[in-house]
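Any value given below was found using the heavy atoms of this structure, including those in side chains, with hydrogens, waters and symmetry copies removed. Counting starts at 1 for both ligands and their atoms, in listed order.
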Amino acid sequence: MTSWPKDFVWGASTSAYQIEGAAGEDGRGPSIWDVRSHQPGHVDNGDTGDIACDHYHRYREDVALMQGIGIDAYRFSVAWPRVLPQGRGAANEPGLAFYDRLIDELLRAGIEPWLCLYHWDLPQALQEHGGWPNRDSVGWFADYAELIARRYGDRVKRFATFNEFSVFTLFGYVMDWGAPGQTDKAAHLQAIHHVNLAHGAAVDILRAQVPGASIGAIHNRQPVLPETDTAGDHAAAETLDELWNNVFPDPQILGRYAPRIAEEMEPYLQPGDMARICRPTDWFGINHYNTIYARADAASPWGFAWGEAPPDVPRTGIDWPIAPAAFRDTLIGSWQRYRLPIYVTENGFGSHEVPCCFDEVDDQHRIAYLKRYVAAMAEAIAAGADVRGYFVWSLLDNFEWGAGFANRFGIIHVDFKSLKRTPKASSRWYKEHIAKAKLKPATSVPRPGRPA
Ligand code: FCB
């Protein structure tokens, strides 16, 4: 049996727009994802997050389910437009009060709240002022971070600034795969830089406002492979690798953009920017699911298109490659490059499953995936990577962005008509796994790096 480091955190993750619903309730303003999901053709089946899992009303039941599984920590995001309907200016008290109730319920259940400030739901009012490509966004985000720090900092100590910087900037500003649906390379570069600056500003605010805060950022990191062995596909993979894996953590932690990016960024850089971006953080969040592939595409703004994995690669129920060794290598490589304690803030298995009988979802495929990925994480730890926690994506089946409700990642099944929750076999596996992991924690695992 694997011995896990002492105090290893076992958790589950969700995000606001994907589960909360109550989109028009209690003064919440619209976000760019409300707008996108209501435009025809952007989300499969015309699904929206209007109701989603109705977590806004059912959070007590959801916290009880978490408690039943025995997780140590719950990572959620605050919906910026719920607490600041216009994105700035007057705060919305009923929206703020919802997160008070959620946080208090978690603490009562002995579950540590991990609060992420931004999981892709920019207030639409700010989009109408240019969104992230407008440098004013740095100040908007800083003010929002201050509101959150002051309101919840007495009870919440774990903060993440952003979730998956590169996914929402790449998909939202240049590929039209996510909100706000732009296809503009200059907007993409500006969004990258301003989001980096916003991260730095929020780190400083959280540090100043919340005594004992443990602050990190959540990066999607995964190997980018060329679709074929041609020079063009190799170059495409290098470009995507830079934009996907490095363009946020490098400036935030190492204080630099890669030379090629720095050159393109030149028009948007101001003196002192790198020092504003590169602020000390306490941990490094990694979301990882699979390897990704790139191929050359001279017609696209950055010269690459999404590639196909080779046909013989094993895949999940939604066709994502299964490659646990790539997860192990990503953890080791991220530790070696950034030297910050790592928390795996998302990992999980997507599928189109339906309950078979008596509401039972016997998701053995998910259990097999989770076991292999958790084993790969143990290998990374044994190889010296300072990994301190693991959050499964996701607690609940939810609104999976462009795939709507079709792609299910939950360890708890949600019937999107009745909103009934039914734990899947994987939630029972996770419960047993956590209980076993806590029976025999290792005490002598070396702890290089800073304390988290
Ligand atoms: C990640 C997102 C998360 C969810 C999973 C499947 O990219 O952070 O919201 O969609 O993928």
Would you please classify the geometry between the W4 ring and the H433 ring as parallel, tilted or perpendicular, with 30° and 60° separating the classes?
perpendicular
Over 60° means perpendicular and under 30° means parallel, so classify the ring planes of Y59 and F98, tilted if in between.
perpendicular
Could you check whether the rings of F8 and W10 sit parallel, tilted or perpendicular, using 30° and 60° as the cut-offs?
tilted
Pairs touching residues 169-184 that satisfy side chain to side chain donor-acceptor pair (under 3.5 Å), sequence neighbours left out:
R36-D176
Under 4.0 Å from ligand 1, counting heavy atoms only: the protein residues, by chain and number
Q18, H119, W120, N163, E164, N287, Y289, E346, W393, E400, W401, F409
Please work out which of the three classes, parallel, tilted or perpendicular, describes the rings of F165 and H199, given edges at 30° and 60°.
perpendicular
Within the distance-only criterion (no hydrogens, no angle test), does the side chain of R295 pair as donor or acceptor with the backbone N or O of F304 below 3.5 angstrom?
no
